[in-house]
2 protein chains.
Amino acid sequence: MAESDGNSAKRPTIYDLAEIAGTSPSAVSSILNGTWKKRRISEKLAERVSRIAAEQGYAVNLQASLLRRERSRIIGMIVPKYDNRYFGAIAEQFEIMARARGLFPVITCTQRDPDLEFEAARELISYQAECLIVTGATDPDRIGEFCAAAGVRAINLDLPGSNAPSIVSDNFTGARDLTALILSRMERDFGEIRPLWFIGGRSKDHNTAERLRGFRAAHRQIGLSVLPDQIIMPGYSPHKAIAAMATKTLADRSGLFVNSTITLEGVIHWLNEQRHGSGDIRLGCFDWDPFAALLPQNVGMTEQNVPAMLETTFELVETPPTGNVRIEIPCILREISPAAITR
Amino acid sequence: MAESDGNSAKRPTIYDLAEIAGTSPSAVSSILNGTWKKRRISEKLAERVSRIAAEQGYAVNLQASLLRRERSRIIGMIVPKYDNRYFGAIAEQFEIMARARGLFPVITCTQRDPDLEFEAARELISYQAECLIVTGATDPDRIGEFCAAAGVRAINLDLPGSNAPSIVSDNFTGARDLTALILSRMERDFGEIRPLWFIGGRSKDHNTAERLRGFRAAHRQIGLSVLPDQIIMPGYSPHKAIAAMATKTLADRSGLFVNSTITLEGVIHWLNEQRHGSGDIRLGCFDWDPFAALLPQNVGMTEQNVPAMLETTFELVETPPTGNVRIEIPCILREISPAAITR
DNA sequence: CAACGATGCTACATCGATTGAGCATGCATG
DNA sequence: CATGCATGCTCAATCGATGTAGCATCGTTG
């Protein structure tokens, strides 16, 4: 970044304002932070100083202010990505809800990179965050450990950890119901049912494991067993999905369980390359997206209940739990009626 | 937020570490911030202090550190929303690019609320941001004015202002080409062309005005004039679009220019309610979304070149321009071939 | 008119990290 | 053995805002 011009006016401080107003820095400080009535500053002086502050473009130096205050009211969050509906909604709602509670939200995006996750967490703690929401972290426990050592509360969101309270979706039930829906639609539309493909996620990932468990349970329920070579877990990103599918061939009348909208981007790309018609495939996707919901092959999406998850998060922020609870939030199955797409 | 436990260990400071290590705070400081070689601290002491710092879960207090340093290296950004592709990508790329340049990005989401935009800007300046990227602001000049008074550089992104350099898409050309594409597809698929509908955005909004100009130009080029009651600009949000369309009826073989993917959500909802088939409508949308690109009615999307816009932004950050330039970045017309959707 | 309380302010230590100046020691050199 | 210089550290001022303690002034009351 360019050096600031040597000649340009520096940011005014309370000392500058005090000099202009012919008063003391303490008076200016209390006037500008709203404690002036308590400190018996006259309304006349308060008005004059406020006016001068506005004229000079004064903005408090939070570094100095927070250094002195005992509490920062800063609440930090790390998220893996912004550019999909789920995490975008989490980030946006988090900011709104934090502000509504008089807290200062600071969010950092960590690209699913464990080292960046850790560095970002350390950075937020350096900003004196009082609490850190660790969202979708690949290694939440490393961060939880550091937070504990630094005396900062951590809360895991989306992916659970073992050394801090966790709030996650009920991935098992969500996946089981979605799987059952896809299977029932295959029966209705194709008149036959075969085991589904499971595509996306990581085998070591708690959410993926739970969803796979739900996936298996739904198959078992109708006496079907899943096929190991139809379980593909190359990560979440579209290009990883494409690469993993490259060697596979999909029969007509197949069904797919897609483990996130991010993965779905890759799957759709691949389906188009494979020249599969919309009529001969059925799929469902964990996570919701308004446009993905309109894909002709799509029979349902599992929407994670972001408002409920964040509501619970802020409850834990306000009243720290005893012990390392894990709270599961039910998902919302968004069944897609063919009426909306065939016409 | 819950009070921090009175008994719990406070965050360790360099004074605590100095005491444990039996050395001075200055030594600890220089060891932990990497200037210890310059200050001729022995490697032995450096190692011991680093180890103790790690054991104690030390994290520098950025409030104290930044207060003393002359530069913060913080670069702020405000964005209206996270939960759509365009702004999600801007936020994500901004963080990546800022970090790559050794800067600390801090982003705040402002919900298209002018007051929140202003408050967020003031907050970022209070964090000692050296530069503020004002993205898609409804009132960028109010913020630009405050930044000027506070001696902080501002750069407008997406929507231009008059008192700071601005980087915007070439909305005119982008909209003209998209309009021409929609019209040509109507000709090809329907064998007839009628003036398009223009849906979404705000009449006072620079981008909307420019896009409307491009929209008109494309019509004029083929000797068509637009119909005033087919220009609907109720804002960007889906529910505003739905409300504005509620009284309208769309003839078969109509064409729509949709002014953002956010608006498109509402338009699609409305089309489904109107029970319009995918075959009798053609639309194009300004902004790109991977799933919206698969809608059967969709013939093309205008992708704003986010990497180029941010690249230019960081060029301006590094070498401040003389005067208030306005830089226009060409858009990418993503033509959608029917092959991808009919099968 | 002394004592007292209310009013309206100022002085100063403090938060934690940074950094220029300076001090003590050890070693080599003339 | 005095001098110079490199080495390895410490001291103390500083950044800007906060808040407690305290000071001066004024009006009121006994």
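These numbers come from the heavy atoms of this one structure, side chains and all, not from hydrogens, waters or symmetry mates. Quick note on labels: first sequence line is chain A, next is B, and so on, each numbered from 1. This structure is a prediction, so every number in the text was calculated from the model and none was measured.
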Checklist entry - Do B:R69 and C:dT18 share a donor-acceptor pair, side chain to base, under 3.5 Å? => result no

Item to check | Cation-pi geometry met for A:R202 and A:Y236 (6.0 Å, 45°) | outcome: no

Checklist entry - How many Å lie between CD1 on A:I14 and P on C:dC12, as a whole number? => result 15 Å

Checklist entry - Can you find a side chain N or O atom of B:S65 that sits less than 4.0 Å from OP1 or OP2 on C:dT18? => result yes

Checklist entry - Roughly how many Å is it from OH in B:Y15 to C1' in C:dA17, rounded to a whole number? => result 6 Å

Item to check | Protein-nucleotide distance (B:Q63, atom CD; C:dT14, atom C1'), rounded to Å | outcome: 16 Å

Next on the checklist: Rounded to whole Å, please give me the gap between CD1 in B:I41 and C1' in D:dT7.
Outcome noted: 10 Å

Checklist entry - What do the steps show when you test A:Q111 against B:E92 for side-chain contact (heavy atoms from CB on, under 4.5 Å), and what is the final call? => result CA-CA 9 Å; A:Q111 307 293 331; B:E92 195 167 320; 3.1 Å; yes

Next on the checklist: What is the distance, to the nearest angstrom, from the CG atom on A:D16 to the C1' atom on D:dC15?
Outcome noted: 13 Å

Checklist outcome for this item: From the list A:I75, A:I133, A:V79, side chain to side chain contact (heavy atoms under 4.5 Å, CB included) partner of A:I107 resolves to A:V79

Checklist entry - Once you round it to whole Å, what is the distance between C1' of D:dA17 and CZ of B:R68? => result 16 Å

Next on the checklist: Under the rule for ring-ring contact (aromatic ring centres under 6.0 Å, His included), what residues qualify as partners of B:F94, not counting sequence neighbours?
Outcome noted: B:F314

Checklist entry - Using the benzene-type ring in the case of Trp, are the ring centres of A:F146 and A:F118 under 6.0 Å apart? => result yes

Next on the checklist: Is the phosphate of D:dA17 approached by A:Y58 (side-chain N or O, under 4.0 Å from OP1 or OP2)?
Outcome noted: yes

Item to check | Close residues, residues 24-39 of chain A, relative to DNA chain C [heavy-atom separation under 4.0 Å] | outcome: A:S24, A:S26, A:A27, A:R39

Checklist entry - Does a side chain donor of either A:Y82 or B:E95 reach within less than 3.5 Å of an acceptor in the other side chain? => result yes

Checklist outcome for this item: Here the distance between atom P of D:dA13 and atom CD of B:E70, to the nearest Å, is 21 Å

Checklist entry - B:D158 and B:Y86: side-chain donor and acceptor closer than 3.5 Å? => result yes

Next on the checklist: Quick check: on DNA chain D, is the nucleotide nearest B:A64 upstream (toward 5') of the one nearest B:R40, or the reverse? Name the residue that is more 5'.
Outcome noted: B:R40

Next on the checklist: Just the rounded figure in Å: distance from P of C:dC15 to CG of A:N61.
Outcome noted: 18 Å

Checklist entry - Looking across every strand, which nucleic acid part, if any, lies under 4.0 Å from B:L66 by heavy atom: base, sugar-phosphate, or nothing? => result nothing

